[in-house]
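Below you'll find the structure, written out as structure tokens, and then a few comments.
Lettering follows sequence order; numbering is per chain, from 1. Values in this document were obtained by computation on a predicted structure and should not be read as measured data.
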Number of protein chains: 2
Amino acid sequence: MFNKETKTALEAQEAALRLAFAPIAFQATRALRDMGILTAVSNSRSTGITIEEIMEQTKLSRYAVRVLLEAGLGMELIIVNNKRYTLTKTGYFILHDRLTRINMDFSQDICYKGMNHLQESLREGKPAGLKELGPWDTIYPGLSLLPPEIGKSWFDFDHYYSDLATPAALDIVFEKKPKKLLDIGGNTGKWALACTAKDPDVEITIFDLPGQANIAQQKLKDAGVDHRVNFHIANILHEEIPFPAGFDAIWMSQFLDCFSEAEIVSILKRCREALNEDGIIYILEPFWDRQQFKSAAFCLQQTSLYFTAMANGNSQMYHSEDFLQCIDDAGLKVISANDQMGINYTLLQCQKK
Amino acid sequence: MFNKETKTALEAQEAALRLAFAPIAFQATRALRDMGILTAVSNSRSTGITIEEIMEQTKLSRYAVRVLLEAGLGMELIIVNNKRYTLTKTGYFILHDRLTRINMDFSQDICYKGMNHLQESLREGKPAGLKELGPWDTIYPGLSLLPPEIGKSWFDFDHYYSDLATPAALDIVFEKKPKKLLDIGGNTGKWALACTAKDPDVEITIFDLPGQANIAQQKLKDAGVDHRVNFHIANILHEEIPFPAGFDAIWMSQFLDCFSEAEIVSILKRCREALNEDGIIYILEPFWDRQQFKSAAFCLQQTSLYFTAMANGNSQMYHSEDFLQCIDDAGLKVISANDQMGINYTLLQCQKK
């Protein structure tokens with residue numbers, strides 16, 4: 001993957017021109033999806049549907065329907081035979097595939113405007129596009145303050161992948177029956193809840209920022225397990241605030257990709273100190289070089305630029321080699337790497353060297 | 001073209017995900033091009049270049065170079081072998097192909113922000129994205145007022161294709177030795193200048209808006225042919241202002257696509273009145289259904305949405321069938337259609353029915 005030329009000159013020119021018109025094609029795709037045209041075409045199945053029938057169903061002008069259908073032909077979302085339009089497989093994925101929809105909504109609601117500041121972000125090492133969403137230094141304190149429909153696009157994107165990966169990881173973590181588990185970046189408390197349900201004896205400590213911790217606290221109370229969950233509320237980048245210690249297991253899911261390599265090393269060094277002698281650090285991360293499908297790697301590689309322009313300006317979805325170097329630099333060794341978590345995650349188990 | 005499914009399910013999912021991340025991929029491509037990374041990779045030819053060498057040449061951080069290179073792998077602009085990056089054919093087109101560059105600059109400078117208002121534009125029949133460029137009802141009065149670097153992207157896009165198509169068209173128009181020629185949408189006077197150079201006896205009348213006419217007037221004066229060129233300065237949509245009349249030839253290049261079908265019929269009816277009995281109306285237009293290559297059709301289909309969101313809200317790059325219907329409705333007949341003009345233009349010759 002990524003080491004061979006795959007295209008003829010003609011195919012390459014087509015790919016280049018598709019990139020050249022990408023923002024227009026993107027907005028046209030959204031309009032086709034959200035203005036009901038793809039739904040009308042999809043419902044017509046193999047019979048197909050005429051422009052007049054689509055006008056009738058969508059209440060849009062002939063002009064509006066026509067320019068969108070024609071753009072859709074070029075993007076291969078639909079095909080036309082005898083003036084009847086039918087959906088292609090690509091159109092099917094745009095309309096019906098949850099993974100595609102979540103990514104598209106994330107691109108639009110979180111990234112579209114801000115991505116216009118990508119070059120500035122890269123030069124300054126700051127998320128220069130974030131000003132399009134709000135007046136924060138990083139996106140994290142802003143997450144609970146985003147307008148609901150925009151916040152939804154972020155959380156759907158954030159949860160979709162990890163929700164598919166965590167059940168298998170939960171089994172692996174509890175094979176060793178940890179008594180004290182530190183959940184770093186505990187977020188809305190989902191993982192802590194799953195842990196208390198999995199093992200009646202485990203004691204959890206959630207380590208997160210105040211905004212997130214408040215949400216988690218309420219959820220745990222509602223579930224009646226708040227007496228088994230402690231909170232360590234702090235910004236992990238403040239190195240002078242000591243970690244709690246004495247843990248059998250430390251859990252970080254989709255957390256370290258939010259930091260630069262220097263920050264990752266600093267966090268892992270402090271995790272090392274917080275760990276019992278034979279304790280294990282469990283790290284669940286997607287690595288773009290460990291993907292089975294090129295399209296999965298592509299999604300992660302593009303998501304990196306969300307971190308650049310919108311999130312914090314210095315983190316990314318890592319190549320495993322760069323990430324493993326951080327683990328080594330922190331005085332830890334990888335004792336197990338399982339690439340079969342959910343769609344595209346790796347579960348690393350680390351111990352003190 | 002456009003009538004068959006061409007992809008496997010896996011390819012279709014990849015295409016859908018590429019669309020889902022399109023704005024990010026677009027901005028990453030621009031950053032790779034404009035921050036010197038593709039140039040550094042291109043210059044390394046088949047030897048390839050390391051990330052450290054690119055950092056040295058571009059003065060960018062490792063992080064900045066790395067996230068862009070990784071995005072570039074996913075977009076297949078580059079490949080990597082033994083940690084040395086080389087350019088793919090797609091990367092070559094992004095960096096070196098003038099057609100791709102002009103389209104990409106147009107997408108960014110004219111369309112990127114405004115395209116975020118596409119759905120509003122389609123619902124209202126107005127270019128709702130134009131407010132991102134300036135306070136005009138259509139883009140045309142704004143063209144001479146755009147900041148120079150943005151105006152350049154528009155004019156480069158506008159001229160690139162037609163400049164390649166007009167020399168052959170000039171030969172065809174002057175086969176019939178027209179004495180009086182009406183040049184509608186004369187713009188900066190390029191065509192009028194070419195006509196006066198081609199035939200020492202022809203008398204031209206340029207029909208355009210005041211802003212454009214001023215520019216043309218000066219150019220014709222500089223060339224010493226202003227005594228052979230008249231001006232009819234008016235808005236062609238004002239039906240109450242009569243056309244001049246008595247022409248052997250009427251010329252419209254890449255002009256009628258700026259209007260709705262009803263407006264095209266109105267313009268052509270008045271052209272019919274302005275024409276001598278055996279005079280000819282020459283119409284140079286790109287039609288997306290007459291393209292040899294799918295990528296050329298794709299570019300035109302996406303360009304339609306620029307008209308929707310940015311230009312005037314009701315025009316497009318037409319399918320020839322819809323356009324020919326307008327000609328028929330105006331009381332004209334096509335006596336010749338030549339699809340071999342430049343990259344992708346058709347020259348229609350029309351006479352009174």
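- Going from atom CD of A:Glu5 over to atom CD1 of B:Ile78 covers 12.5 Å, rounded to the nearest 0.5 Å.
- Interface remark: A:Glu321 contributes side-chain atoms only to the contact with chain B (heavy atom separation under 4.5 Å).
- For A:Ser315, the part sitting under 4.5 Å from any heavy atom of chain B is the backbone (N, CA, C, O) and nothing else.
- Rounded to the nearest 0.5 angstrom, B:Glu70 CD and A:Asp322 CG are separated by 6.5 Å.
- In this structure, CG on B:Leu17 lies 10.5 Å from OG1 on A:Thr90, to the nearest 0.5 angstrom.
- Taking the side chain as every heavy atom from C-beta outward, B:Val67 and A:Leu122 approach each other to under 4.5 Å.
- Taking OG1 of B:Thr100 as the reference point, atom CZ of A:Phe21 lies at 9.5 Å (rounded to 0.5 Å).
- To the nearest 0.5 Å, atom CG of residue B:Leu69 and atom CD of residue A:Gln301 are 10.5 Å apart.
- Residues A:Gln27 and B:Leu305 are not in side-chain contact: their nearest non-hydrogen atoms beyond the backbone lie 4.5 Å or more apart.
- Between B:Glu76 and A:Lys294 there is a salt bridge, with a side-chain nitrogen of the basic residue lying less than 4.0 Å from a carboxylate oxygen of the acidic one.
- Note: A:Tyr112 and B:Tyr112 meet the aromatic proximity criterion, with ring centroids under 6.0 Å apart.
- Annotation: side chain of A:Gln316 is in contact with side chain of B:Tyr63 (closest heavy-atom distance under 4.5 Å).
- Considering only heavy-atom pairs separated by less than 4.5 Å from chain B, the leading option among A:His319, A:Met317, A:Lys113, A:Arg123 is A:Arg123.
- Interface remark: B:Tyr318 contributes side-chain atoms only to the contact with chain A (heavy atom separation under 4.5 Å).
- When each of A:Asp105, A:Thr308, A:Asn116 is checked for heavy-atom pairs under 4.5 Å with chain B, A:Asn116 comes out on top.
- The closest side-chain heavy-atom distance from B:Lys89 to A:Thr8 is not below 4.5 Å.
- At a threshold of 4.5 Å between non-hydrogen side-chain atoms, the residues A:Thr6 and B:Thr88 do not count as touching.
- Using a 4.5 Å cut-off on side-chain heavy atoms (C-beta onward), A:Gln302 and B:Met75 make contact.
- Heavy-atom distances place the side chain of B:Leu10, and not its backbone, under 4.5 Å from chain A.
- B:Ile24 touches chain A through backbone and side chain together, each having a heavy atom under 4.5 Å away.
- Chain B forms more heavy-atom pairs under 4.5 Å with one residue of A:Lys59, A:Arg101, A:Glu261, A:Met35 than with any other, namely A:Met35.
- Expressed to the nearest 0.5 Å, how far CD1 of B:Ile79 lies from NZ of A:Lys4 amounts to 9.0 Å.
- Between A:Phe93 and B:Glu14 the shortest side-chain heavy-atom distance does not fall below 4.5 Å.
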